Amino acid sequence: MRQMSWSQVFHTSCLVLLVHLLCLEAVPISLDKTKVNQPEDKASEPPPSVDTGLHYDRYLREVIDFLEKDQHFREKLHNTDMEDIKMGKLAKELDFVSHHVRTQLDELKRQEVSRLRTLIKAKQDIEGGNDMAVDHQALLKQFEYLNHMNPHTFEVEDLDRLIKSATNDLENYDKERHEEFKKYEMTKDHERREHLKTLDDEGRKKEEEHYEEMKKKHADHPKVNHPGSQNQFKEVWEEADGLDPEDFDPKTFFKLHDSNGDGFFDEQELEALFTKELEKIYDPTNEEDDMVEMEEERLRMREHVMNEVDTNKDRLVSLEEFLIATKKKEFLEPDSWETLEQNQAYTDEEMREFEEHLTQQEEDLNQKASDLQKQRDELERQQEQLNSQKVELQQAVEHMERLKTQKVEPPPEVHVEGNAIPEPQGEYHPLPLGHQDMSQNHPGMKQDNHLQNQIPHNTQDLSQPRLQDLPPGHQAVP
């Protein structure tokens, strides 16, 4: 699929695609060969694919490609009124499509359902709901262009839903484009005003003068022809086609600019006719010219011509509709065309509401930033706590390891038999000369051998008076 720029409109409806891809047997229009030089024959190539801008564009296009292969469906399309298509009568013809095509459509639908489920899962992952159960059936309800209750086969209801959804979505596409452009213009003006606030008086004055100068330069351009008028088409006939304006012929003009030869002007073919007019106003090398505004101007021109010429509102201009329009007064004697600089895209009230919305957004963002900073500070505090606890725990472990390595083995147990006196384990201090331990001769002083083993040798019985504490001349009685 070729890549299109922002300037090109991608809102060709499902009905337009059906006509483009299926109605390829339009009767050729005869050309006056005395007036138009015939181009050299070139190998026939299929018309370039045009993206509709829908999120399900690929699915829509592939369904049409498969239906094109069925001869019965193609014939029914030629004999079905546009209103009948919108009412779903064409969708009922799906029951008569060949089994091979139906099988391909079944597989195509299964792939699309799988794609949507993948998108739902990816969205859930981004939003942080990895642990939550996903109700795919409930979430698939938001995709109205297919029957989610039957994810396996492509039925009449699927084709009917696809046509109606595409028609409805694309009817709102231009409206959304205009809203986006309005926001773009208001944002640009808001940023200019905010920039002025940052300047001193002299700088602000220079900036304002420069701004007014650029506006004046942009408005200074040749007269713009009314889109879809005789003067406008004659200018294309002369400058783009290289033909004499006196020989202008609407039928020949239509044939020359029906680039895919399907017998209709689609929206892209119409927009191509306005290039010469837009070049009078916009030059990408000029500072004062905004190319986004140029594309909005192109959209305005195309919408105007469609409203004037497309009488059956199928978003296509047939040869018959075109020829009828060339006989109207609006075609022969049009009013002047007011360009964008003469029609501000927004009102003062809309600008005020827009700036209030921006202020509220800024406050919300600041509040979120403040909340996030508080959460960050709290997390850092908790991290410091955890680090401190970790250090204390590590120190405790190291201390226990040191105690374990420094632990002294206890002395070996001593067994005493009979009246044997165990060897003292500590330091031995003999009694002074003349003093002897009377415990062996005094029955009250005898101690149990077992207790003697439990009491350290150098521990003295506090119930007995110490010899050194007796008065002079007194001796211990044996």
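All residue numbers in this chain count up from 1 along the given sequence. Just so we're clear, the structure is a prediction, and the values are computed from it rather than from any experiment. Only this structure's heavy atoms are used, side chains among them; waters, hydrogens and symmetry mates stay out.
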Give the intermediate values and the outcome of side-chain contact (heavy atoms from CB on, under 4.5 Å) for residues Phe143 and His55. CA-CA 10 Å; Phe143 304 106; His55 68 87; 3.9 Å; yes
Might you work through the side-chain contact (heavy atoms from CB on, under 4.5 Å) test for Met186 and Glu355, ending with a clear yes or no? CA-CA 9 Å; Met186 290 190 292; Glu355 291 189 323; over 6 Å; no
Leu316 vs Glu267, test: side-chain contact (heavy atoms from CB on, under 4.5 Å). Steps then yes/no. CA-CA 7 Å; Leu316 294 169; Glu267 293 170 340; over 6 Å; no
Go through the steps to decide whether Val305 and Phe265 satisfy the test side-chain contact (heavy atoms from CB on, under 4.5 Å), and finish with yes or no. CA-CA 11 Å; Val305 173; Phe265 274 166; over 6 Å; no
Going through the distances and angles, do Lys280 and Glu235 end up as a salt bridge (charged side-chain N to carboxylate O under 4.0 Å, His left out)? CA-CA 12 Å; Lys280 297 176 182 178; Glu235 195 168 291; 3.0 Å; yes
What's the verdict on side-chain hydrogen bond (donor to acceptor under 3.5 Å, both in side chains) for Glu341 and His221, showing C-alpha distance, side-chain angles and the deciding distance? CA-CA 12 Å; Glu341 69 262 14; His221 54 71; 2.9 Å; yes
Apply the test side-chain hydrogen bond (donor to acceptor under 3.5 Å, both in side chains) to residues Gln375 and Asp371: give CA-CA distance (whole Å), side-chain angles for both, the deciding distance (0.1 Å), then the verdict. CA-CA 6 Å; Gln375 293 177 13; Asp371 293 342; over 6 Å; no
Checking Lys313 against Asp310 for the salt bridge (charged side-chain N to carboxylate O under 4.0 Å, His left out) test, could you report, in this order, the C-alpha distance in whole Å, the side-chain angles of both residues, the deciding distance, and whether it holds? CA-CA 5 Å; Lys313 305 304 177 184; Asp310 180 22; 5.7 Å; no
Checking salt bridge (charged side-chain N to carboxylate O under 4.0 Å, His left out) for the pair Glu179/Lys175: CA distance, chi angles, key distance, verdict? CA-CA 6 Å; Glu179 287 299 316; Lys175 182 179 179 180; over 6 Å; no
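Considering only heavy atoms from C-beta on, Trp237 comes within 4.5 Å of Thr252 through its side chain. Considering only heavy atoms from C-beta on, Asn307 stays 4.5 Å or farther from His304 through its side chain. Proximity of Glu238 to Leu243: side-chain heavy atoms (C-beta onward) are nowhere separated by under 4.5 Å. The shortest distance between side-chain heavy atoms of Val391 and Gln394 does not fall below 4.5 Å. Under the 4.5 Å side-chain criterion, counting only non-hydrogen atoms from C-beta, Arg102 is in contact with Asp95. When side chains are defined from C-beta on, Leu159 does not count as touching Glu93, because their heavy atoms never get closer than 4.5 Å. Contact annotation: the side chain of Thr275 never approaches that of Leu278 to less than 4.5 Å [non-hydrogen atoms, C-beta and beyond]. Under the 4.5 Å side-chain criterion, counting only non-hydrogen atoms from C-beta, Leu94 is in contact with Leu67.
No side-chain N or O of Ser318 forms a donor-acceptor pair with one of Glu320 less than 3.5 Å apart. His357 and Gln361 form a side-chain donor-acceptor contact under 3.5 Å, judged by distance and modelled atom types alone. No hydrogens or angles considered: a donor-acceptor pair under 3.5 Å links the side chains of His210 and Glu287. The closest side-chain donor-acceptor pair between Gln382 and Glu378 falls under 3.5 angstrom. If you check the side chains of Thr347 and Glu349, you find no donor sitting under 3.5 Å from an acceptor. Between the side chains of Asp290 and His218, no donor N or O sits under 3.5 Å from an acceptor N or O. Neither side chain, Ser229 nor Asn231, offers a donor N or O lying under 3.5 Å from an acceptor on the other. Residues Ser259 and Glu269 have side chains that bring a donor and an acceptor to within less than 3.5 angstrom of each other. Residues Glu303 and His178 have side chains that bring a donor and an acceptor to within less than 3.5 angstrom of each other. One side chain, Glu112 or Tyr145, offers a donor N or O that lies under 3.5 Å from an acceptor on the other. Side-chain contact check for Glu363 and Gln367: no donor-acceptor pair (N or O, by modelled atom type) lies under 3.5 Å.
Using a 4.0 Å cut-off between a side-chain N of Lys or Arg and a carboxylate O of Asp or Glu, Arg298 and Glu295 qualify as a salt bridge. Between Arg61 and Asp65 there is no salt bridge, since no side-chain nitrogen of the basic residue lies less than 4.0 Å from a carboxylate oxygen of the acidic one. In summary, Lys328 and Glu333 do not engage in a salt bridge, as defined by a charged side-chain N under 4.0 Å from a carboxylate O. Using a 4.0 Å cut-off between charged nitrogen and carboxylate oxygen, Glu62 and Arg58 count as a salt-bridge pair. Ion pair Glu297/Arg300 flagged as a salt bridge, since at least one NZ, NE, NH1 or NH2 atom sits closer than 4.0 Å to an Asp/Glu carboxylate oxygen. We find that Lys206 and Glu202 are joined by a salt bridge, their nearest charged nitrogen and carboxylate oxygen being less than 4.0 Å apart.
In terms of modelled atom types and a separation under 3.5 Å, the side chain of Asp160 and the main chain of Val156 share no donor-acceptor contact. For the pair Asn366 (side chain) and Ser370 (backbone), a donor-acceptor distance under 3.5 Å is absent. Asn286 places no side-chain N or O within 3.5 Å of a backbone atom of Asp289 that could act as its donor or acceptor partner. No donor-acceptor pair under 3.5 Å is formed between the side chain of Tyr56 and the backbone N or O of Leu146. A donor-acceptor pair is defined here as one N or O able to donate and one able to accept, closer than 3.5 Å; no such pair exists between the side chain of Glu176 and the backbone of Tyr173. Asp258 places no side-chain N or O within donor-acceptor distance of the main-chain N or O of Phe254, the cut-off being under 3.5 Å. Checked by atom type and distance alone, the side chain of Asp189 never pairs as donor or acceptor with a backbone atom of Glu185 at under 3.5 Å. At distances below 3.5 Å, not a single donor-acceptor pair connects side-chain atoms of Asn147 with backbone N or O atoms of Asp158. Not a single donor-acceptor pair under 3.5 Å links the side chain of Glu293 to the backbone N or O of Leu340. Remark: side-chain polar atoms of Gln232 are paired, donor with acceptor, to backbone N or O of Gly228 under 3.5 angstrom.
Within the model, atoms CE of Met291 and CE of Met294 stand 5.5 Å from one another, a figure rounded to the nearest 0.5 Å.
When every heavy atom of Met301 is checked against every heavy atom of Pro227, the shortest pair comes out as CG-CG, 3.4 Å. Nearest heavy atoms, Pro250 versus Leu323: CB-CD2, 3.9 Å. Lys182 and Tyr346 make their closest contact through CG-CB, 3.9 Å (heavy atoms, listed as atom of the first residue, atom of the second, distance). Of all non-hydrogen atoms in His152 and Arg110, the two that sit nearest each other are O-NH1, 2.7 Å.
In summary, the aromatic rings of Phe322 and Phe233 are positioned with their centroids under 6.0 Å apart. When ring centroids are compared, Phe331 and His226 stay outside the 6.0 Å threshold.
Among Leu270, Thr326, Val317, the one residue that satisfies the side-chain contact (heavy atoms from CB on, under 4.5 Å) test with Val309 is Val317.
Counting non-hydrogen atoms of neighbouring residues, nucleotides and ligands closer than 6.0 angstrom, the CG atom of Asn343 exceeds 12 such neighbours.
In this structure, Arg192 forms a cation-pi arrangement with Tyr211, its terminal cationic atom sitting closer than 6.0 Å to the ring centre and no more than 45° off the ring axis.
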